[in-house]
Amino acid sequence: MLQKVVVSTAGTRMKRNNLSLVNKIVWSSPAVKQPKVGFFSSLNHTHMHTVLLDWGSLPHYVVLRIFQYLPLIDRARASSVCKKWNEVFHIPDLWRKFEFELNQSATSYFKSTHPDLIQQIIKKHATHLQYVSFKVDSSTESAEAACDILSQLVNCSIQTLGLISTAKPSFMNVSKSHFVSALTVVFVNSKSLSSIKIEGTPVDDPSLKILVANNSDTLRLLKMSSCPHVSSDGILCVADLCQGLRELALNYYILSDELLLALSSETHVNLEHLRIDVVSENPGQIEFHSIKKQSWDALIKHSPGVNVVMYFFLYEEEFEAFFKEETPVTHLYFGRSVSKAILGRIGLNCPRLIELVVCANGLQTLDTELICIAEHCKNLIALGLSECEVSCSAFIEFVRLCGKRLTQLSVMEDVLIPDDEYSLDKVHTEVSKHLGRMWFPDVLPVW
């Protein structure tokens, strides 16, 4: 049995081609205990030998496995150790996934990919790229640099493409023609795109048609919220022709009955995830259309397991069109204030609800609404409450009705209002009893 390995270096400096380690390997019988320090003369049952290993002689697959765990900068430094390691550095497997980080150093906190490395990737490894993302800061220059790189990826077979703005959507400041031209290069040449995240960009209907014409058989995921140049006709074209589409993220204004029916056709695969962002920048200036119950029913009949996720960033007066009829939403997030009336509708018309997060509400308690949700939303397992008010008694009743199925419960302490039956001190005891685990309300730290 191998009991102990002691590794020591033969010297502090070695030439590139003479890198070696001296390994002292002690073998002993399992029945023989290791000798204590000071009794080396009793090593009658051991054999010690020295093996000289040349790091340059390691098999390529071993070095490749090590390189896969290294950051790019360390990998590049290691590639200069010897010729064989340099060969491994250029193996295609190491270049299938890459994130271009582009920023203006004066205004950004993350390091930018060096221009020389970018050119090396474009010249030597573009054909190997399969999973590519661009992370840009808020500057227009960084977004334009990303477009310049995209336009040079003419010999690639990219499967996953992501455009990420770390602050405001800087791609929207780029010339629309420049962005669309660069994106079209990838759409035309890849022919195997399966996942695309292009949220907050000036992508338009004609470029989506090019995407579909070249990648309709492979596209599985499309995230394109906050793309103002895309119409309901543009996204409908994608749904009609990309029969394998399983995940879709878009803004509510391009959601239509026709789109839901297209996603529900017999030839379309079951949709797994539909994310809808409901956003209003100008209060009172946007009227939201309604989606027919028949369209939602068709989607659920075709894809019974689909997660319908809705993010709301509306003002209270803009909710009139929502939740009047049964809506198959599973995850609801309210980023702005939502009225008691809307929460009451949710309890009555959202039977598939799994998760509810309310970030703000007025000064009226939500007792009746929460209890209604607990009684009618039998799939609810997660709740988050902040900047609203619920009496301690109603909150405990809500938890009692949900029981142990409530696996996530995040409620700020100032949401809970003491009443005649329960004080704040007693809430955690009662809630913990109904959940079957220890629970405390969340508290903001005092800095």
Side-chain angles (χ1 to χ4, degrees), residues 68 92-102 113 121 125-136 143 146-147 149-166 169 171 179-180 182-205 207-227 229-230 234-251 254-255 259 262-263 267-277 303 305-309 311 331:
Q68 287 174 334
D93 284 352
L94 286 175
W95 299 98
R96 300 196 192 285
K97 182 178 181 180
F98 193 82
E99 181 178 69
F100 294 92
E101 296 182 298
L102 306 168
T113 306
I121 292 171
H125 304 293
T127 56
H128 307 144
L129 293 173
Q130 293 182 358
Y131 311 96
V132 179
S133 61
F134 292 82
K135 186 166 72 173
V136 302
C147 292
I149 297 172
L150 280 171
S151 63
Q152 298 179 68
L153 300 180
V154 294
N155 296 315
C156 60
S157 56
I158 295 175
Q159 296 180 17
T160 297
L161 175 66
L163 305 182
I164 305 166
S165 295
T166 57
F171 284 103
F179 177 84
V180 169
L183 194 62
T184 300
V185 170
V186 177
F187 286 174
V188 169
N189 289 283
S190 290
K191 311 232 181 252
S192 59
L193 280 165
S194 63
S195 175
I196 305 174
K197 300 177 183 179
I198 47 176
E199 297 174 303
T201 67
V203 62
D204 58 7
D205 289 356
S207 55
L208 286 182
K209 291 181 179 179
I210 295 173
L211 166 67
V212 170
N214 293 276
N215 302 272
S216 60
D217 293 336
T218 59
L219 191 61
R220 299 290 180 268
L221 180 150
L222 178 61
K223 292 187 176 182
M224 45 178 301
S225 297
S226 303
C227 296
H229 301 296
V230 175
I235 194 64
L236 182 59
C237 172
V238 175
D240 278 335
L241 299 177
C242 298
Q243 299 293 308
L245 190 66
R246 295 182 181 276
E247 296 187 42
L248 178 63
L250 71 168
N251 278 82
I254 58 175
L255 182 70
L259 175 61
L263 294 171
T267 55
H268 202 288
V269 300
N270 290 346
L271 196 67
E272 296 175 358
H273 192 91
L274 176 62
R275 170 181 160 177
I276 305 162
D277 289 353
S303 303
V306 63
N307 285 321
V308 180
V309 183
Y311 286 83
H331 299 72

Which heavy atom of [X] sits nearest to which heavy atom of [Y], and what is that distance?
X	Y	value
Ser133	Glu99	OG-CG, 3.2 Å
Ser303	Val269	OG-O, 4.4 Å
Arg246	Asn270	NH1-O, 3.7 Å
His268	Ala239	CD2-O, 3.5 Å

Between [X] and [Y], is there a donor-acceptor pair closer than 3.5 Å when you use the side chain of the first and the backbone of the second?
X	Y	result
Thr166	Val136	yes
Thr113	Glu101	yes
Ser194	Arg220	no
Asp204	Val230	no

Heavy-atom check, side chain of [X] versus side chain of [Y], under 4.5 Å:
X	Y	answer
His229	Pro202	yes
Leu163	Ile196	no
Ile276	Val308	yes
Val132	Phe98	no
Val306	Leu263	no
Val212	Phe187	no
Ile158	Leu193	yes
Leu248	Ile235	yes

| Val185/Leu150 under side chain to side chain contact (heavy atoms under 4.5 Å, CB included): CA gap, chis, key distance, verdict | CA-CA 7 Å; Val185 170; Leu150 280 171; over 6 Å; no
| field | For Leu129, the option from Leu161, Thr160, Ile121 that meets side-chain contact (heavy atoms from CB on, under 4.5 Å) | value | Ile121
| query | Parallel, tilted or perpendicular for His125 and His128, by the 30°/60° rule? | reply | tilted
| field | Worked verdict on Leu183 versus Thr201 for side chain to side chain contact (heavy atoms under 4.5 Å, CB included) | value | CA-CA 10 Å; Leu183 194 62; Thr201 67; 5.7 Å; no
| Residue pair Ser157, Ser190: steps toward the side chain to side chain contact (heavy atoms under 4.5 Å, CB included) verdict | CA-CA 4 Å; Ser157 56; Ser190 290; 5.7 Å; no
| field | side chain to side chain contact (heavy atoms under 4.5 Å, CB included) assessment of Ser226 paired with Glu199 | value | CA-CA 6 Å; Ser226 303; Glu199 297 174 303; 5.6 Å; no
